[in-house]
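Take a look at the structure set out below.
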Amino acid sequence: MERSYDIAKEIHDQLIKTAEAIPVFDSEFDPQIRVADERFGDFQANGTLPFAKKKQLNPRDLAKTLIDSLPENKEWEVSIAGPGFINFKLARTCLYQWLKAFSHREQIEAALATKEPKRVTLDFSSPNTAKQMHVGHIRSTIIGESLSRLLKLNGHQVTKDNHLGDWGTQFGILLYAIKREKIDLNNLGDQPIARLENLYRIGNQWIKENKQALKTAREELVKLQGGDEENLRLWQKIRDLSMESFEEVYDLLGVSFDHAHGESFYRDQVDSIYQSLESHGICQEDNGALVVFHPEHKRFAKQPFIIRKSDGASNYATTDLATLSYRSKEWRSEQIIYVTDGRQRDHFEQLFLTSRKWFEAEARKIPVLSHVWFGTILGEDNKAIKTRDGQPIKLVDLLDEAIRRATQMVLEKNPELSPEEIRRRACAIGLGAVKYADLSQDRTLDYVFSWEKLLAMQGNTAPYLQYAVARVHSIFRKLNTSPDELIEKAGLPQTEAERKLARKLIFFPTAIKQATQELKPHFLCTYLFELATDFSSFYNQDKVMVPEVEVQGIRLLLCQTTQTYLEIGLEMLGIETLTEM
RNA sequence: GCACCCGUAGCUCAAUUGGAUAGAGUGCCUGGCUACGGACCAGGAGGUUGGGGGUUCGACUCCCUCCGGGUGUGCCA
């Protein structure tokens with residue numbers, strides 16, 4: 001029989017099939033296969049308990065009936081425990097076959113690729129132009145990139161779109177300040193974005209103090225939105241400068257996009273949005289603004305979704321509607337995922353409600369809409385992060401500091417390396433640490449920014465995982481020959497540590513599935529850390545280079561498979577691996 | 001006011017969505033390279049899951065209530 005990649009699913013299917021032939025079971029029965037506590041087995045089926053409850057049956061008897069009907073099987077031992085759990089303990093031969101069948105990348109990729117690929121648009125990072133990226137942007141950028149990799153690994157077609165904030169009210173103020181100060185955008189010095197940020201701050205101060213200044217700034221915005229050539233040219237230059245500064249960060253982080261349309265891309269479509277929504281009676285005038293209410297909703301019956309401000313200008317609700325429509329129409333997106341701060345949850349809930357009504361009215365099929373929100377990075381005062389002078393920590397500064405600290409550690413171990421090699425390793429380690437620190441906790445939780453937390457290199461961290469990978473490479477280097485031939489002669493796993501590691505490896509598909517379904521990379525992090533831990537324990541206990549070919553073979557197979565999974569897993573987190581550290 | 005999120009070991013976090021005796025890291029204590037690399041490994045101490053009540057075979061998870069922290073709530077994104 002061919003070894004199935006997802007053993008949990010294999011057990012699930014087997015139980016369903018068996019239950020179908022037993023009269024007391026019906027279609028409501030869900031086996032609920034879960035990874036079992038190590039004390040009880042490898043997988044467990046919890047499903048008989050809730051089913052027995054619903055049918056007023058004895059759960060232990062029900063479980064017994066079910067396992068008595070299971071066909072003869074050499075793959076796993078089955079037993080009943082406690083109130084009616086069914087435990088499955090995999091035979092060593094089963095683990096062995098699985099390892100042999102799924103130790104290489106191509107095998108894994110083929111096994112994970114879905115038969116129903118979807119076109120998914122991933123909207124993430126999305127910084128505002130004319131501003132520097134600060135630590136707050138790290139979450140959307142890193143989570144988004146990780147999700148795109150996970151979705152692709154599962155066989156989906158992903159389009160990554162950096163939805164820049166490049167068309168807001170801020171440009172009126174900025175253009176006003178640029179003109180008043182007679183600034184030459186081609187001559188802003190080596191920190192052009194910092195200059196622009198400063199200009200904006202000054203401009204903002206002026207308009208608060210002076211009514212005439214406020215009026216002029218508004219006029220600049222109207223001129224820009226009206227297509228004024230001079231203002232458009234300045235705006236474009238600001239956008240270009242901003243993109244350059246973003247690219248610097250994205251290069252460091254290994255993040256890329258297919259598009260960076262930004263809000264400005266949709267500026268000519270806002271009128272048709274108003275018309276369409278008005279013609280379908282979805283929106284209404286209220287206090288001079290065009291708004292959408294949702295009477296069926298407890299909160300949004302009263303809290304409006306403003307799609308046109310009372311001064312006639314569009315806002316991000318308008319461009320988000322246009323963007324959604326565009327992605328559905330032009331890219332034929334079947335799902336759109338937005339990765340943003342949790343404070344925007346109301347906005348997206350309203351956007352989704354409005355879009356569903358709109359698409360229904362136009363008889364268009366609406367994509368699946370997912371708001372992947374994350375918690376805020378806080379300062380010591382438990383408020384959204386700010387440094388002492390009121391400016392958030394710049395993202396490049398965080399990344400530079402991470403690289404600096406990693407450089408010290410690399411130098412300590414290998415002072416003789418070339419500067420390029422030190423830099424390469426320090427980037428992988430330092431940036432990996434930062435990414436992992438963020439990705440490894442549930443994204444919905446806020447956390448207090450701390451250098452100590454983000455730059456930790458011991459324990460449950462990226463360097464620990466990278467170290468495990470480097471150790472496997474080290475073993476293979478010592479081997480001095482391709483392991484494949486030796487692996488051919490592998491015997492069954494024998495020792496405690498071998499079995500424990502093999503057992504952990506078979507849970508990889510479960511971890512990937514969970515992280516992808518929930519759009520939560522931390523599930524994968526937890527798994528990878530456990531895998532690396534079991535591997536570390538294994539190579540400390542069981543020497544790989546031993547004369548017995550069967551023993552050496554299985555240990556090499558375990559090393560090879562562990563390496564493959566750690567490398568794929570880290571790649572899904574956007575973290576680089578090294579062959580030596 | 002209304003709505004939402006959060007509260008788990010000294011600290012930072014998990015807990016397979018209602019499953020078995022709540023697990024890791026860090027810090028603290030003890031031990032381990034003449035070994036394939038010590039960013040490591042083995043072990044120990046550390047808990048009334050904010051408090052109280054309820055639902056049930058079973059609750060960190062669901063419901064009610066109270067306490068504490070945070071966010072959103074009409075013209076920023």
Side-chain angles (χ1 to χ4, degrees), chain A residues 8 32-37 39-40 44 46 49-50 52-53 59 81-85 87 126 128 163 165 167-170 263 286-291 298-300 302-311 313 315-317 319-320 340-347 349 373 375-376 378 382-384 406 409-410 412-413 429 437 440-442 444-448 450 452-453 456-461 463-468 470-472 474-479 507 510-511 513-514 518 522-523 525-527 529-530 533 536-546 555 559 580-581:
Chain A
Q32 295 189 17
I33 307 300
R34 303 285 133 86
V35 169
D37 187 305
R39 293 178 298 239
F40 307 120
Q44 64 183 53
N46 299 339
L49 285 144
K53 187 187 211 167
F85 299 108
N87 290 320
S126 311
N128 291 329
H163 194 63
W167 200 245
T169 356
Q170 72 267 33
E263 294 168 348
D286 198 274
N287 285 330
L290 197 59
V291 305
K298 60 190 169 193
R299 207 150 21 98
F300 302 137
K302 293 272 163 63
Q303 185 180 320
F305 188 53
I306 299 172
I307 60 171
R308 189 177 64 206
K309 300 191 280 184
S310 50
D311 65 3
N315 63 4
Y316 81 136
T319 46
D320 274 356
T340 84
D341 191 289
R343 286 173 291 190
Q344 294 185 44
R345 268 184 299 161
D346 275 4
H347 167 73
E349 213 180 317
W373 60 275
T376 313
L378 309 170
N382 266 18
K383 305 269 184 189
M409 297 184 78
V410 173
E412 240 169 72
K413 276 195 119 170
I429 294 165
S440 61
Q441 85 173 244
D442 189 315
T444 61
L445 258 56
D446 295 347
Y447 66 83
V448 175
S450 95
E452 195 191 347
K453 180 191 178 81
M457 312 243 177
Q458 260 134 32
N460 186 2
T461 63
Y464 176 81
L465 304 184
Q466 291 166 320
Y467 181 72
R471 290 300 299 269
V472 184
S474 175
I475 290 170
F476 285 142
R477 271 196 301 277
K478 279 278 181 334
L479 197 61
F507 298 146
T510 309
K513 193 196 268 179
Q514 204 184 1
E518 304 295 323
H522 85 278
F523 285 120
C525 293
T526 303
Y527 170 80
F529 177 66
E530 288 173 3
T533 303
S536 303
S537 182
F538 156 77
Y539 79 65
N540 269 283
Q541 266 169 269
D542 296 339
K543 193 167 158 58
V544 175
M545 251 45 118
V546 291
R555 291 183 184 171
C559 285
E580 287 179 74
M581 280 176 78

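Labels below follow one simple rule: chain letters A, B, ... track the order of the sequence lines, proteins then strands, and each chain is numbered from 1. Given the structure is predicted, the values throughout are model-derived calculations rather than measurements.
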Would you measure the distance from the [atom1] atom in [N] across to the matching atom in [M] and give it in whole Å?
{"N": "B/A9", "M": "B/U49", "atom1": "C1'", "answer": "10 Å"}
{"N": "B/U8", "M": "B/C40", "atom1": "P", "answer": "26 Å"}
{"N": "B/C62", "M": "B/G18", "atom1": "C1'", "answer": "8 Å"}
{"N": "B/U21", "M": "B/G31", "atom1": "C1'", "answer": "27 Å"}
{"N": "B/U48", "M": "B/G7", "atom1": "C1'", "answer": "15 Å"}
{"N": "B/G19", "M": "B/A59", "atom1": "P", "answer": "11 Å"}
{"N": "B/G54", "M": "B/U30", "atom1": "C1'", "answer": "46 Å"}
{"N": "B/G32", "M": "B/U61", "atom1": "P", "answer": "44 Å"}

Paired with [N]: which nucleotide, if any, by Watson-Crick or G-U wobble criteria at under 3.5 Å for both distances?
{"N": "B/C2", "answer": "B/G72"}
{"N": "B/A42", "answer": "B/U30"}
{"N": "B/A24", "answer": "B/U12"}
{"N": "B/U61", "answer": "none"}

Donor-acceptor pair under 3.5 Å: do we get one between [X]'s side chain and the base of [N]?
{"X": "A/S310", "N": "B/C75", "result": "yes"}
{"X": "A/D320", "N": "B/A77", "result": "no"}
{"X": "A/Y467", "N": "B/A39", "result": "no"}
{"X": "A/Q541", "N": "B/A42", "result": "no"}
{"X": "A/D286", "N": "B/G74", "result": "yes"}
{"X": "A/K453", "N": "B/G25", "result": "no"}

Under the 3.5 angstrom rule, does the side chain of [X] hit a backbone N or O of [Y] as a donor-acceptor pair?
{"X": "A/N315", "Y": "A/I306", "result": "yes"}
{"X": "A/D446", "Y": "A/G375", "result": "no"}
{"X": "A/S474", "Y": "A/A470", "result": "no"}
{"X": "A/T526", "Y": "A/H522", "result": "yes"}
{"X": "A/R555", "Y": "A/M545", "result": "no"}

Quiz item: Does the ring of A/F40 lie flat against the base of B/A20, closer than 5.5 Å centre to centre with planes under 30°?
Solution: yes

Self-check item: Whether A/F85 stacks on the six-membered ring of B/A20 base, 5.5 Å and 30° limits
Solution: yes

Does a side-chain N or O of [X] approach OP1 or OP2 of [N] to a distance below 4.0 Å, or not?
{"X": "A/S537", "N": "B/A42", "result": "yes"}
{"X": "A/K309", "N": "B/C76", "result": "yes"}
{"X": "A/R471", "N": "B/G38", "result": "yes"}
{"X": "A/K298", "N": "B/C4", "result": "yes"}
{"X": "A/K302", "N": "B/G74", "result": "no"}
{"X": "A/S474", "N": "B/G37", "result": "yes"}
{"X": "A/H163", "N": "B/A77", "result": "no"}

Just call it for [X]: base, sugar-phosphate, or nothing, with non-hydrogen atoms closer than 4.0 Å on any strand.
{"X": "A/L378", "answer": "nothing"}
{"X": "A/A81", "answer": "base"}
{"X": "A/H347", "answer": "nothing"}
{"X": "A/L445", "answer": "sugar-phosphate"}
{"X": "A/P59", "answer": "nothing"}
{"X": "A/Q344", "answer": "base"}
{"X": "A/F476", "answer": "nothing"}
{"X": "A/N315", "answer": "sugar-phosphate"}
{"X": "A/Q466", "answer": "nothing"}
{"X": "A/V291", "answer": "base"}

Quiz item: Whole-Å distance between B/C11 P and A/N460 CG?
Solution: 19 Å

Quiz item: In whole Å, what is the span from the CZ atom of A/F300 to the P atom of B/U73?
Solution: 10 Å

Quiz prompt | Identified side-chain hydrogen bond (donor to acceptor under 3.5 Å, both in side chains) counterpart of A/D341 within the set A/R345, A/R343, A/Q344 | solution =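 Result for side-chain hydrogen bond (donor to acceptor under 3.5 Å, both in side chains) with A/D341: A/R343.
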
Quiz item: Between A/R39 and A/G459, which has a closest nucleotide on RNA chain B that is more 5'?
Solution: A/R39

Quiz item: Where each residue is assigned the nucleotide of RNA chain B containing its nearest heavy atom, which of A/E518 and A/Y539 is assigned the position nearer the 5′ end?
Solution: A/E518

Quiz item: Using a distance-only test with no angle check, is there a side-chain donor-acceptor pair under 3.5 angstrom linking A/Y464 and A/S536?
Solution: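 Yes, because at least one side-chain N or O of A/Y464 sits under 3.5 Å from a partner of the opposite role on A/S536.
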
Exercise. Provide the closest heavy-atom pair for A/I429 versus A/Q466 in the form atom of the first, atom of the second, distance.
Key: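 Smallest heavy-atom distance, with atoms named: CA-OE1, 3.7 Å.
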
Quiz item: Of the candidate nucleotides B/A39, B/U73, B/A15, which contains the atom at the shortest distance from the side chain of A/F523?
Solution: B/A15

